[in-house]
Amino acid sequence: MSRHEHERDRESVVDPTEGRVLERNYDYAQKNVRLLSMWYECEPRRMLELLAEHDIELSRNDERQFGAYYQTVQRHVTTYGK
């Protein structure tokens with residue numbers, strides 16, 4: 001592999017937990033925490049924590065289902081950091 005190819009490969013590595021990537025993937029998952037958690041192969045609770053840590057607003061449906069836990073995590077992040 002040439003140096004240029006190696007550098008291009010390194011640049012293409014994306015952190016799926018980075019805020020913009022996570023938000024985009026939540027949009028792709030039609031703003032559905034359960035679907036996104038399947039994509040990320042984690043529990044919905046962990047997905048909510050990631051969304052809350054990055055202050056990504058929940059859909060109306062997810063807010064009804066998971067809003068209390070999401071808000072608890074957001075308060076914790078605001079008070080104590082990640």
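Atoms considered below: every heavy atom in the structure, side chains included; atoms not considered: hydrogens, waters and symmetry mates.
Within a 6.0 Å sphere centred on CZ of Arg20, heavy atoms belonging to other residues, nucleotides or ligands number 12 at most.
A distance of 11.0 Å separates CE of Met47 from CG of Leu35, quoted to the nearest 0.5 Å. To the nearest 0.5 angstrom, Asp62 atom CG is 11.0 Å from Glu57 atom CD. Between Arg34 atom CZ and Leu48 atom CG the span is 9.0 Å, to the nearest 0.5 Å. Distance CG/Leu50 to CG/Asn25: 11.5 Å, rounded to 0.5 Å. Atom CZ of Phe66 is separated from atom OG1 of Thr72 by 14.0 Å, given to the nearest 0.5 angstrom.
Under the rule for a salt bridge (Lys or Arg N to Asp or Glu O under 4.0 Å), Glu23 has no partner lying at least two apart in sequence or in another chain. Listed by chain and residue number, Arg60, Asn61 satisfy the side chain to side chain contact (heavy atoms under 4.5 Å, CB included) test with Arg64 (two or more places apart in sequence, or in another chain). Residues passing the side chain to side chain contact (heavy atoms under 4.5 Å, CB included) test with Asp27 are Lys31, sequence neighbours excluded. Looking at residues two or more places apart in sequence or on another chain, you find a side chain to side chain contact (heavy atoms under 4.5 Å, CB included) between Glu63 and Leu58, Gln71.
The closest side-chain heavy-atom distance from Val33 to Tyr26 is below 4.5 Å. Two residues are said to be in side-chain contact when any heavy atoms from C-beta on lie closer than 4.5 Å; Val21 and Asp15 fail this criterion.
No side-chain donor-acceptor contact under 3.5 Å links Tyr40 to the backbone of Thr17.
The salt bridge (Lys or Arg N to Asp or Glu O under 4.0 Å) analysis of residues 39-49, with sequence neighbours excluded, yields the pairs Arg46-Glu49, Arg46-Glu53.
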